[in-house]
Number of protein chains: 2
Amino acid sequence: MGIVTETMVAADAREETRARIEQAALDLFTAQGFEAVTIDEVADAAGISRRTFFRHCGTKADAVWGQFDGHVVRLEGMLAAAAADQPVLASVYAAYVEVNDYAPADLPMLRQRMRLILTEPALLAHSQVRYADVDRVVAAHVARRTGVAPDALVPRLVATSTRAAATTAFELWLADGRITLGTALHQAFDELAAGFPSLRLPG
Amino acid sequence: MGIVTETMVAADAREETRARIEQAALDLFTAQGFEAVTIDEVADAAGISRRTFFRHCGTKADAVWGQFDGHVVRLEGMLAAAAADQPVLASVYAAYVEVNDYAPADLPMLRQRMRLILTEPALLAHSQVRYADVDRVVAAHVARRTGVAPDALVPRLVATSTRAAATTAFELWLADGRITLGTALHQAFDELAAGFPSLRLPG
DNA sequence: ACCGTAGGTGACACCCAGTGCCACCGGCAA
DNA sequence: TTGCCGGTGGCACTGGGTGTCACCTACGGT
């Protein structure tokens, strides 16, 4: 029991330190640009050494991405818990909406993160690596539900295109201050799931 | 006239040097892995200096990506030349198929490139930056044809999801030695354009 | 034939991200 | 007190990428 408590405390302290570093990094990156800020400057701002920065954040990009792993795990859990009678596409849809249902207090920092990720080339590049994890999880879910291999066309395609829809929704939300993230996700998924109905309207 | 000829010759020689460097890089990366090979080794293999490598290829990743800019330009041209009475999605579909219609002689090198790009994390990351250019071109086309802003939902979504379909087709083609790249593209696009009909078959 | 120029090249110095290693310091248990 | 252990900082090193300078070569003009 004592061990558990101590472990939790240590983990919390570690989280807190990491959060402090990330906040310092986000502020500096936002103010001066991702490439223009060196790790030394971030470390100085966070009151730690350069070496400690890397121990906590791994890479410069990870300082912006933060605990994205947790998102993937949560998404995986939601997909696993999806009702079996729900259409596959609907379950992916719902999981994406739910995993991106942020508390209002978290939205400003999310905006800050996403603006950097979608603006800075180095971070945009890094996103592909993160997305690959998401795609694997979604493709595995689709494969399980449809009884085909995870690396077959449909599971892969559903994974990549739904994720494309989600990122598009993020871009829209970021560019347009009025639209809700949930609304943007719904619009994008509805459009995708129906085969782009709004393109057929004029013709 | 003389100037034009000289310029062309110089450009050709430059292309040739670049092609030689790229081939040396591809071979080394394929044999030993992207990260395990240093620029010095590539430069040595190509018979040039480290500095000259960067002058010709820009970055390590660009040595693998090669003349991708040309692809984007060609895609843009095809979209611009698409028949006005053709459905928008069909024009994007056709352009993607056409721009990826490689000569049989080019297929081995394409396989080599794509295997690296889809396998090596650093190259996968870089792909997002290249894809962004493609997406911009496609989104602009869709926006022009539908009369909405290029950064609106539908143009962006069409761009990202069709590109997702194309990359999925590439993955399939790479993993399965029997399927044609064109066939894979057709399958992916048909599935996407119809709103994933094969998911609806069982239900 | 001579000279000036421009482009390609190589060598060098530098910046910065990322890693391995070691030494230190704090707390905690025996 | 002693020994251990996790976090930390310092240091050195690798490797990608860039700026700068000197050189050399090929070409055009005189």
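Predicted, not measured: the structure shown is a model, and the values here were computed from it. Basis for what follows: all heavy atoms, side chains included, without hydrogens, waters or symmetry-related copies. Residue numbers start from 1 in every chain, and the chains themselves are labelled A, B, ... in the order their sequence lines are given, proteins ahead of strands.
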Next item on the list: Return yes if the base of D/dG9 and the side-chain atoms of A/R55 contain a donor-acceptor N/O pair under 3.5 Å, otherwise no.
Entry: yes
Using whole Å, report how far [atom1] of [X] lies from [atom2] of [N].
X     : N      : atom1 : atom2 : answer
A/R51 : C/dG20 : CZ    : C1'   : 7 Å
A/R18 : D/dG6  : CZ    : P     : 20 Å
B/F34 : D/dG15 : CZ    : C1'   : 12 Å
A/I21 : D/dG7  : CD1   : C1'   : 12 Å
B/F53 : D/dG15 : CZ    : C1'   : 13 Å
B/E35 : C/dA17 : CD    : P     : 17 Å

Margin query: Using 30° and 60° as the class boundaries, would you call the ring planes of B/F189 and B/Y93 parallel, tilted or perpendicular?
Written below: parallel
Next item on the list: Please determine if a side-chain N or O atom of A/H56 lies less than 4.0 Å away from the OP1 or OP2 oxygen of D/dT8.
Entry: yes
Next item on the list: Look at A/S49 and D/dG10 and indicate whether a side-chain polar atom (N or O) is within less than 4.0 Å of OP1 or OP2.
Entry: no
Margin query: Please classify the nucleic acid contact of B/V42 as base, sugar-phosphate, or nothing, using heavy-atom distances under 4.0 Å.
Written below: nothing
Item checked: Residue whose closest nucleotide on DNA chain C lies nearer the 5' end, B/R50 versus A/V37 -> B/R50
Notebook entry, point to check: Measuring from B/H56:NE2 to B/I48:CD1, what's the distance to the nearest 0.5 Å?
Noted result: 6.5 Å
Margin query: A cation-pi test, strictly: NZ or CZ of B/R178 under 6.0 Å from the centre of the six-membered ring of B/W173 and no more than 45 degrees from its axis. Yes or no?
Written below: no
Checklist line | Sole candidate of B/W65, B/Y102, B/Y96 that passes ring pair (Phe, Tyr, Trp, His ring centres under 6.0 Å) when paired with B/H71 | finding: B/Y102
Nearest-neighbour nucleotide for the [X] side chain, [options] considered:
X     : options                : answer
A/T59 : D/dG16, C/dC21, C/dG18 : C/dG18
A/F54 : C/dA17, D/dG9, C/dG8   : C/dA17
A/T38 : C/dA17, C/dA11, D/dG16 : C/dA17

Check: Is a side-chain donor or acceptor of B/T119 paired with a backbone partner of B/L116 at a separation under 3.5 angstrom?
Finding: no
